[in-house]
Amino acid sequence: MYRLLSVLLASLLLPLASQAANTPPTPGIEFVHHDWFLACDNTGTCRAAGYSPEKADSLLGLMLERAGGPGTAVKARLRVGEDGESAVPEGSMRLHVNGRDLGPVQDTGADEAVMLRPAQVEGLLAALPGQARIEVIDSRGTRWPISDRGAAAVLLKMDEVQGRVGTPGALVRRGTRAEASVPAAVAKPVIVRGVLAAGRPGDSGLGSSEALRDALIATLGDNDDCPRLIEYEGTPEMVIERLDDHHVLVQALCQMGAYNYSNGFWIARDQPPFAPETVTLEAEGFSRSDRTLYARYKGRGIGDCVSGWDWAWDGRRFQPSSAFSTGLCRGVAGGHWTLPTLVSTVR
């Protein structure tokens with residue numbers, strides 16, 4: 001699941017990309033240490049997710065989120081995960097940190113407007129760089145832990161990515177460097193969807209063109225990420241989508257696994273010489289209505305950790321428009337959180 005960033009960085013611009021006025025955004029980073037996972041996106045916002053100890057009978061998740069720029073506050077959310085089998089907290093819940101009762105908490109769910117209280121966040125941030133015993137205690141007195149293993153390293157990495165190390169607002173290594181020296185947040189890039197030309201009667205025939213298939217194979221070189229295209233015997237099975245008056249999008253199966261598969265996508269001319277250019281060998285499909293290539297991959301078969309990315313057609317190329325993962329594989333279908341490394345506004 002952690003191939004996400006390398007795939008996005010390897011995405012090639014399409015034949016008309018040199019005419020584009022803007023440059024694709026650079027994805028952020030992911031960092032994992034023990035029971036904590038960090039994702040920072042291209043705007044400078046970072047999200048650190050902590051989980052219950054892997055062998056504990058608990059599916060709790062904690063997420064700390066901080067926007068880039070000087071003086072920004074840390075927000076926190078709590079998720080009570082369920083897998084249909086494990087026990088879950090019953091009744092009301094209270095947050096305890098190092099034996100101190102920080103008051104009632106609730107599952108904040110997917111609503112970003114529901115957060116832990118500022119005093120609770122302060123208590124967590126004060127404890128996490130050192131040894132932190134974090135527990136949620138339910139109405140029956142049962143203690144549900146959230147691990148501190150890896151938290152200090154992840155919070156330090158967050159400070160490094162956001163340029164906060166040595167400032168009063170750093171989470172781990174505070175200092176006297178001026179808070180104003182922290183780099184400002186970056187605005188979301190804006191991608192305007194391009195128009196797709198209507199299909200033509202002859203487009204579907206390109207899907208069985210041996211010459212087009214050979215041209216696609218020639219783009220692979222020593223790359224072994226599309227074995228199905230190379231090994232396929234008989235008439236090739238390629239899906240063709242019209243992009244403009246002279247170019248089509250070509251889709252061909254590259255790999256098929258137990259619970260994931262990938263298609264390759266190329267921009268090609270609609271007649272010889274096809275001169276195909278690779279968009280990606282890692283997507284699942286193309287949504288014509290959204291004018292978007294998309295990929296969603298499970299980290300393991302039960303689907304408790306997922307990574308995904310999208311490319312939006314702007315009329316000249318497919319621009320990387322989003323990338324995310326759901327963090328560590330901890331038994332909750334779909335994961336606890338959506339943790340982006342690339343965000344944009346697509347209109």
Side-chain angles (χ1 to χ4, degrees), residues 1 32-39 46-66 73-152 154-155 171 298-307 324-340:
M1 66 180 287
V32 181
H33 196 60
H34 295 303
D35 295 319
W36 281 72
F37 182 103
L38 175 70
C46 291
R47 297 168 179 87
Y51 302 82
S52 296
E54 193 163 11
K55 295 183 179 180
D57 185 22
S58 173
L59 298 175
L60 290 185
L62 174 69
M63 196 256 281
L64 306 177
E65 177 179 340
R66 193 178 201 181
V74 178
K75 299 182 289 186
R77 295 165 60 191
L78 179 73
R79 177 63 56 85
V80 180
E82 295 186 30
D83 61 3
E85 297 179 0
S86 302
V88 296
E90 295 187 18
S92 60
M93 301 183 294
R94 300 185 72 84
L95 176 65
H96 284 228
V97 177
N98 289 339
R100 179 185 170 199
D101 186 348
L102 297 184
V105 289
Q106 67 183 73
D107 185 330
T108 57
D111 185 356
E112 294 186 2
V114 181
M115 300 287 174
L116 299 189
R117 298 201 312 272
Q120 294 171 329
V121 178
E122 290 175 10
L124 287 166
L125 294 179
L128 280 170
Q131 290 186 332
R133 190 174 78 254
I134 305 170
E135 298 170 308
V136 170
I137 301 179
D138 67 14
S139 59
R140 300 183 62 181
T142 304
R143 297 175 180 271
W144 306 86
I146 295 174
S147 175
D148 66 342
R149 292 184 70 242
V154 161
L155 295 183
L171 300 179
K298 296 178 181 179
R300 56 186 187 177
I302 64 175
D304 60 341
C305 45
V306 179
S307 60
F324 71 91
S325 79
T326 62
L328 299 183
C329 307
R330 289 301 171 89
V332 177
H336 284 76
W337 316 104
T338 297
L339 305 169

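Bear in mind that the values here come from a model prediction, so they are computed numbers and not experimental data.
- Listed here is the closest heavy atom pair of Leu62 and Trp36: CD2-CH2, 4.1 Å.
- Residues passing the salt bridge (charged side-chain N to carboxylate O under 4.0 Å, His left out) test with Asp101, sequence neighbours excluded: Arg94.
- Rounded to the nearest 0.5 angstrom, Gln106 CD and Met93 CE are separated by 7.5 Å.
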Exercise for review: Please lay out, stage by stage, how Met63 and Leu339 fare under the test side-chain contact (heavy atoms from CB on, under 4.5 Å).
Suggested key: CA-CA 10 Å; Met63 196 256 281; Leu339 305 169; 4.2 Å; yes
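- Across all non-hydrogen atoms, the minimal contact from Pro89 to Val80 is CD-CG1, 3.6 Å.
- Formation of a donor-acceptor pair under 3.5 Å by the Tyr51 side chain with backbone atoms of Leu328 is found in this model.
- For Thr326 against Cys305, the heavy-atom pair with the smallest separation is OG1-CA, 3.3 Å.
- Scored by the side-chain contact (heavy atoms from CB on, under 4.5 Å) test, Val332 finds Leu59, His336 as partners (sequence neighbours excluded).
- Interatomic distance, Arg100 CZ to Leu95 CG, rounded to the nearest 0.5 Å: 10.0 Å.
- Here the straight-line distance linking atom NZ of Lys298 with atom SG of Cys329 works out to 12.0 Å at 0.5 Å rounding.
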Practice item. Could you walk me through whether Leu64 and Leu155 pass side-chain contact (heavy atoms from CB on, under 4.5 Å), step by step? Key: CA-CA 9 Å; Leu64 306 177; Leu155 295 183; 4.0 Å; yes
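- Every salt bridge (charged side-chain N to carboxylate O under 4.0 Å, His left out) that Arg300 has, sequence neighbours left out, goes to Asp304.
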Would you be so kind as to tabulate the donor-acceptor pairs closer than 3.5 Å made by side chains of residues 129-136, with sequence neighbours excluded?
residue, atom, partner, partner atom, Å
Glu135, OE1, Arg143, NH1, 3.0

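- Shown here are the salt bridge (charged side-chain N to carboxylate O under 4.0 Å, His left out) partners of Arg117, two or more places apart in sequence or in another chain: there are none.
- In this structure Glu85 satisfies the side-chain hydrogen bond (donor to acceptor under 3.5 Å, both in side chains) test with no other residue, sequence neighbours excluded.
- Residues satisfying the side-chain contact (heavy atoms from CB on, under 4.5 Å) test with Arg149, not counting sequence neighbours, are His34, Asp35, Ser147.
- Here the side chain of Arg79 pairs a donor or acceptor atom with the backbone of Gly109 at under 3.5 angstrom.
- Not counting sequence neighbours, Asn98 has no partner by the side-chain hydrogen bond (donor to acceptor under 3.5 Å, both in side chains) test.
- When all heavy atoms of Val88 and Gly81 are compared, the closest pair comes out as CG1-O, 3.9 Å.
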Exercise for review: Decide side-chain contact (heavy atoms from CB on, under 4.5 Å) for Met115 and Val121; before the verdict, give the C-alpha distance in whole Å, the side-chain angles of both, and the deciding distance to 0.1 Å.
Suggested key: CA-CA 9 Å; Met115 300 287 174; Val121 178; over 6 Å; no
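- A search for side-chain hydrogen bond (donor to acceptor under 3.5 Å, both in side chains) contacts involving Thr338 returns nothing, not counting sequence neighbours.
- Remark: side-chain polar atoms of Thr108 are paired, donor with acceptor, to backbone N or O of Leu78 under 3.5 angstrom.
- Scored by the salt bridge (charged side-chain N to carboxylate O under 4.0 Å, His left out) test, Arg77 finds no partners at all (sequence neighbours excluded).
- Residues passing the side-chain contact (heavy atoms from CB on, under 4.5 Å) test with Pro145, sequence neighbours excluded: Pro53, Ala56, Ser58.
- Of all heavy-atom pairs spanning Trp337 and Ala49, the tightest one is CD1-CB, 3.7 Å.
- Residues forming a side-chain contact (heavy atoms from CB on, under 4.5 Å) with Ser92 (at least two apart in sequence, or on another chain): Ser139.
- In this structure, Gly123 and Leu102 approach most closely via the heavy-atom pair CA-CD1, 4.1 Å.
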